Amino acid sequence: MPLRTKKLTARLLPARVRAERARQREEQAGAAKAAEAAAAEQRRREKIAARRLALLASDPEVREIRFEGHTYYGRTVGHFTATGASARNLGLVADALGSAGVDYFLVPGRSHTRHVIGMRLADRKRLLDELRAMYGATALYAVKPGTAPLPSGAVLYADGSLPTALKRQDVIRFGEILLDPSGRILADLSYGCDVEFWQDGGQLLDDERAAPHVDALRTQAPPAVLVDSLVAPRPNAVTDTLPLQAQIAVRRPVGDRDHPTYEAFAHPRVDAVDFPVDLVYTWVDGADPALRARRDSCRGVAHTARIHERETGASRYTSRDELKYSLRSVEMYAPFVRNIYLVTDGQVPAWLDTSVPGLQVVDHKEIFTDPSVLPVFNSHAIETQLHHIAGLAEHYLYLNDDFFFVGPVTAGNFFHGNGIAKLPFSSFQLGLGTPHPDEPAPNSAGKNVRRLLLDAHDRLTVSKFKHAPQPQLRSVMAELEEAFEEDVARTSRSRFRSVEDIAMTTALHHHHAYLTGRAVPGKYRQRYIDIGKTDVREALTEFGPGHKYDFLCLNDVNTPAADQERVTAEVRAFLATCFPFAGRWERAEEQP
């Protein structure tokens, strides 16, 4: 039938029939388009799958992992520190910038888990092209910055081109996921390097679409200054605009490498903690037969006020190598520590290499004002003498060996830039009344301190303190030793815990420092576990990517003898998983 006749016939059909035929044609076209899209998506998936298989085959350090229902690819490492992970990602981006001949500068960011690079927006494509050329077959990720540790929208470079929407972002994060040999995630994408694309102020002034942004910038600099300024795409720790006169180039070291930045970005700010911060541990190996014999011989002759048996039980002196793993956690997450002092009763862990700089073993005899009171088996007594350590910094942290760093921290977690300490106040209270033998020892010791501070400051103390690293001011401790000489001396002579003790490093130091303007309450993201009551293996699930803690305490309050073997095995397995790499203070023959 001629085409004209067909059209005429179609026009003579009822409207209902014509509409139905039109609908069928649309459905057929839609189905064809959907089939074409599905086929294209299938080809894309197959291509990505082939590229990922090639990635795994070409790089034995890369392995596949699953997190919250999504597949990721991470790099296995044989050693890990948080600062090293951040520096690694910075180096990957800096290498690409150097290869592309693109200038960049370090920007003072607001996070201590990652570095920030600034560069001109006009050079964005050159960087992205070079990153694709260098890392197109690797496990490098690109993602829009956010709060998720492993965003579902993270794009693996090995998968192909970045999505257009991601390439147009003002800030893009690049980084690798780092794994331990078991496949556990050590560093997620929150350790990535953020690249900010800064604009020329003159171009912004000429861009009508940027008017609201420019209006905000005018509060910082007049248009004449903005013309020659670089303008940040988001706030940072110093300034949103960098005028020409402030563009004084300097170098800033990160790890073993120097990077370009500007003078104002490299200078210490008022909140910087750049004074020395040391760390003090108290440690005892309760399994040592000689120490146990001394403890047992003293128990029968010690004139100590009665206290609950859990405060002097064997589990309080049990060592499960917690110190080894606590030191590993310092190396992984607390790089600011200058020197570490290990205070012991003539003991040295068999695995500890005392020849390695940065750690010194200190015997009780070296710090007790009156060595004749030794031996003592009471942490309250030992704590009255810690500030006597020769060479100890004014600012230091006091830790028990069952404290662990489980996330990146800085000295700023514990001290302000002006030296004021940040205290770990607890929501738990001391309670009222006189000290009682059956209450927890910290309550009794805190109540004794309350009496002293009521007399000295006419203030009622209420709070206990968290089981976390305790910031200390050496000058405050020396001041307290002089002001409360009798109470400090009595506690230093107390061989076993007693209801007459004072808590010098916590209740007395912290409240006195606070009341004299040398300390303020701090924020401590801490997890406390009584290993005799909690399944430690299950607790491991709380420390996955993006967990909310900085500190962990695995406290043995009074584990029954029948459970000791099981608990010891659980604790050691847990710690070996959290802190898998030998630290620099471990003897080579003791390392796995």
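One is the number of the first residue; the rest follow in order along the sequence. A quick note: this is a predicted structure, and the numbers were derived from the prediction, not measured.
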Does the pair [X]/[Y] count as a salt bridge with the N-to-O cut at 4.0 Å?
X	Y	result
Arg252	Asp258	no
Arg234	Asp194	yes
Arg126	Asp129	no
Asp401	Lys324	no

What pairs with [X] under salt bridge (Lys or Arg N to Asp or Glu O under 4.0 Å), at least two apart in sequence or on another chain?
X	value
Asp402	none
Arg269	Asp271
Glu26	none
Arg184	none

Do Pro469 and Phe414 touch side chain to side chain, with heavy atoms closer than 4.5 Å?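 Touching, per the 4.5 Å side-chain cut-off.
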
With a 4.5 Å heavy-atom cut-off, do Val330 and Phe405 have their side chains touching?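 Answer yes - side chains close enough.
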
Neighbour count above 12 (heavy atom, 6.0 Å) for [X] [atom1]:
X	atom1	result
Phe275	CZ	yes
Lys167	NZ	yes
Lys144	NZ	no
Glu542	CD	yes
Glu64	CD	yes
His267	NE2	no
Glu565	CD	no

I need the full list of ring-ring contact (aromatic ring centres under 6.0 Å, His included) pairs touching residues 226-263, with sequence neighbours left out, sorted by first then second residue.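 Output for this query lists Phe105-Tyr262.
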
Can a donor-acceptor pair be found, under 3.5 Å and without considering hydrogens, that links the side chain of [X] to the backbone of [Y]?
X	Y	value
Ser229	Val231	no
Tyr141	Leu150	no
Ser326	Leu323	no
Glu322	Arg320	yes
Tyr528	Lys466	no

Check against salt bridge (Lys or Arg N to Asp or Glu O under 4.0 Å), Asp550 and Arg527: CA-CA 8 Å; Asp550 294 323; Arg527 176 74 164 93; over 6 Å; no

Just how far is it from atom CG of Leu552 to atom CZ of Phe404, taken to the nearest 0.5 Å?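 Result: 6.5 Å between the selected atoms.
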
Spatial distance of atom CD (Glu196) from atom CG (Asn236) [nearest 0.5 Å]: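 Separation between the atoms: 6.5 Å.
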
Side chain to side chain donor-acceptor pair (under 3.5 Å) with Arg110: which residues, sequence neighbours excluded?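 Scan of Arg110 (side chain to side chain donor-acceptor pair (under 3.5 Å), adjacent residues dropped) gives none.
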
Can you name the closest pair of heavy atoms from Tyr524 and Asn413 and give their distance?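 Taking every non-hydrogen atom into account, OH-O, 4.1 Å.
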
For the residue pair Phe174 and Tyr157, what are the closest heavy atoms and their distance?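 Nearest heavy atoms, Phe174 then Tyr157: CE2-OH, 3.5 Å.
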
Look at the rings of [X] and [Y] and say which category their plane angle falls in: under 30° parallel, 30 to 60° tilted, over 60° perpendicular.
X	Y	answer
Phe403	His467	perpendicular
Phe80	Tyr333	perpendicular
Phe425	Phe465	tilted

Return yes if a side-chain donor-acceptor contact under 3.5 Å exists between [X] and [Y], otherwise no.
X	Y	result
Thr71	Arg66	yes
Thr76	Glu61	no
Asn89	Tyr191	no
Glu46	Gln42	yes
Arg114	Ser86	no

So, for Tyr549 and Phe543, is the gap between ring centers shorter than 6.0 Å?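 Close enough - the centres of the two rings lie under 6.0 Å apart.
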
As a test of understanding, state which of Arg52, Arg51, Arg132 forms a salt bridge (Lys or Arg N to Asp or Glu O under 4.0 Å) with Asp159.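 Answer to the salt bridge (Lys or Arg N to Asp or Glu O under 4.0 Å) test with Asp159 among Arg52, Arg51, Arg132: Arg52.
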
